[in-house]
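One is the number of the first residue; the rest follow in order along the sequence.
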Amino acid sequence: MELQSLILVIVGYLALINVVAFALYGIDKFKAKHNMWRIPEKVLFGSAFLGGGIGALLGMNVFRHKTQHLSFKVIIPLAIVCNVLMVGFIIFLALK
């Protein structure tokens, strides 16, 4: 695959997964306020590690959700670092 096309696919995927991660935090906050069934934490973490780390961090701050949980304070930034490394590795492999 041409590098330009690969970058376009990566950007599109990251945009989509970050919107999904952001929405999951908003939906879970809504459900928490209304005593409804909640989104499991593993789903919230999973969306971050699948490329939605920035969306998860934005969702945490915009919705003020999970910001007091130490696990989220540590794991979400770790997910962002993993996301950057993953994208860098994919691009590195494409350049070989």
Side-chain angles (χ1 to χ4, degrees):
M1 180 182 279
E2 184 183 321
L3 184 60
Q4 246 181 340
S5 298
L6 178 62
I7 290 173
L8 187 60
V9 168
I10 291 171
V11 168
Y13 171 76
L14 289 175
L16 178 64
I17 193 65
N18 277 285
V19 167
V20 168
F22 181 82
L24 286 172
Y25 280 79
I27 292 166
D28 194 49
K29 177 68 175 202
F30 176 84
K31 289 181 171 209
K33 283 181 148 185
H34 294 90
N35 296 318
M36 298 169 70
W37 176 84
R38 304 282 301 280
I39 296 171
E41 288 185 355
K42 64 183 175 183
V43 172
L44 297 174
F45 287 136
S47 68
F49 277 100
L50 288 173
I54 292 174
L57 187 62
L58 287 172
M60 284 175 61
N61 289 303
V62 167
F63 301 114
R64 296 181 186 195
H65 190 52
K66 303 287 189 184
T67 56
Q68 299 303 311
H69 295 256
L70 181 60
S71 59
F72 281 84
K73 287 181 182 179
V74 172
I75 293 174
I76 299 305
L78 178 63
I80 294 170
V81 170
C82 289
N83 295 169
V84 170
L85 292 174
M86 176 182 60
V87 169
F89 183 68
I90 292 169
I91 292 173
F92 171 77
L93 289 177
L95 291 173
K96 281 186 126 188

* Do Leu78 and Val84 belong to the same hydrophobic cluster, where Ile, Leu, Val, Met, Phe, Trp and Tyr are linked whenever their side-chain heavy atoms lie under 4.5 Å apart, directly or via other members? -> no

* To do: For the pair Asp28 (side chain) and Leu24 (backbone), establish whether a donor and an acceptor sit closer than 3.5 Å, ignoring hydrogens and angles.
  => no

* Asked: Which pair of non-hydrogen atoms, one from Gly53 and one from Ile76, has the smallest distance, and what is that distance?
  -> O-CG2, 3.8 Å

* Heavy-atom pair of closest approach, residues Lys31 and Arg38 -> C-CD, 4.0 Å

* Asked: Under a single-linkage definition using a 4.5 Å side-chain heavy-atom cutoff for Ile, Leu, Val, Met, Phe, Trp and Tyr, are Leu95 and Val87 assigned to the same hydrophobic cluster?
  -> yes

* Asked: Between Ile10 and Val19, is there a shared hydrophobic cluster once you connect ILVMFWY residues whose side-chain heavy atoms come closer than 4.5 Å?
  -> no

* To do: Could you grab the distance from atom NE2 of His65 to atom CZ of Phe72, nearest 0.5 Å is fine?
  => 7.0 Å

* Structure fact -> Correct closest heavy-atom pair for Ser47 and Ala21 would be OG-CB, 3.6 Å

* Taking atom CG of Leu50 and atom CG of Asn18, what is their separation to the nearest 0.5 Å? -> 11.0 Å

* Asked: Is it true that Ile90 and Leu8 fall in one hydrophobic cluster, defined by side-chain heavy atoms closer than 4.5 Å?
  -> no

* Asked: When rounded to the nearest 0.5 angstrom, what is the spacing between CG in Leu70 and CD1 in Ile75?
  -> 8.5 Å

* How long is the span from the OG1 atom in Thr67 to the CG atom in Asn61, to the nearest 0.5 Å? -> 7.0 Å

* Same cluster (ILVMFWY, side-chain, under 4.5 Å), Tyr13 and Leu3 -> yes

* Asked: To the nearest 0.5 Å, what is the distance between NZ (Lys66) and NZ (Lys29)?
  -> 10.0 Å

* Is the ring centre of Phe30 less than 6.0 Å from the ring centre of Phe63? -> no

* Structure fact -> In terms of heavy-atom contacts, Phe49 and Cys82 come closest through CE2-SG, 3.9 Å

* Look up atom CE in Met86 and atom CG in Leu14, then write down how far apart they are to the nearest 0.5 Å. => 6.0 Å

